[in-house]
Amino acid sequence: MSTFSVAEAKARMSELLYRAEKGEKVVITRRGEPVVQLAPVLRAKPGIDFARLRALREAMPKAKTPADKLVRRMRDERY
């Protein structure tokens with residue numbers, strides 16, 4: 001954790017932003033008391049494109065062997 005006064009933070013803001021963005025905990029103090037902690041913004045993950053997923057699934061060839069028989073055969077061959 002790095003601690004900086006308001007005056008230091010003003011003078012080194014670009015560096016502090018870079019350090020916080022990389023995951024370092026950066027705290028800014030006023031008169032020796034912590035008032036702000038810099039942290040990176042958590043970006044939301046993109047949602048699932050169901051139309052694209054459906055198109056991909058429909059483009060795939062159908063399995064010739066049912067899943068239960070395939071799993072049994074794989075299990076038996078391994079052991």
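Residue indices begin at 1 and follow the sequence shown.
Asp76 and Arg72 are not joined by a salt bridge, as no carboxylate oxygen comes within less than 4.0 angstrom of a charged side-chain nitrogen. The pair Glu15-Arg19 counts as a salt bridge, with a side-chain nitrogen and a carboxylate oxygen less than 4.0 angstrom apart.
Distance check: Lys64 NZ to Leu70 CG gives 13.0 Å after rounding to the nearest 0.5 Å. The structure places OG1 of Thr3 at 9.5 Å from CD of Glu8, a figure rounded to the nearest 0.5 Å. Between atom CD of residue Gln37 and atom CD1 of residue Ile28 there is a gap of 10.0 Å, rounded to the nearest 0.5 Å. Rounded to the nearest 0.5 angstrom, Leu38 CG and Glu21 CD are separated by 11.5 Å. Distance check, rounded to the nearest 0.5 Å: CZ of Arg54 to CG of Leu56 gives 12.0 Å.
When the shell of 6.0 Å around CG of Leu53 is examined, it contains more than 12 heavy atoms from other residues, nucleotides or ligands.
Nearest heavy-atom pair across Leu16 and Ala9 is CD1-CA, 3.6 Å. Annotation for Ala20 and Ala39: closest pair CB-N, 4.4 Å, computed over non-hydrogen atoms.
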Legend entry - side-chain contact (heavy atoms from CB on, under 4.5 Å) between Val26 and Phe4, worked out: CA-CA 8 Å; Val26 177; Phe4 299 90; 4.0 Å; yes
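Within the 4.5 Å cutoff, the side chain of Lys25 has no heavy atoms near those of the Ser2 side chain.
Side-chain contact of Ser5 with Arg30: a donor-acceptor pair under 3.5 Å is absent, judged by distance alone.
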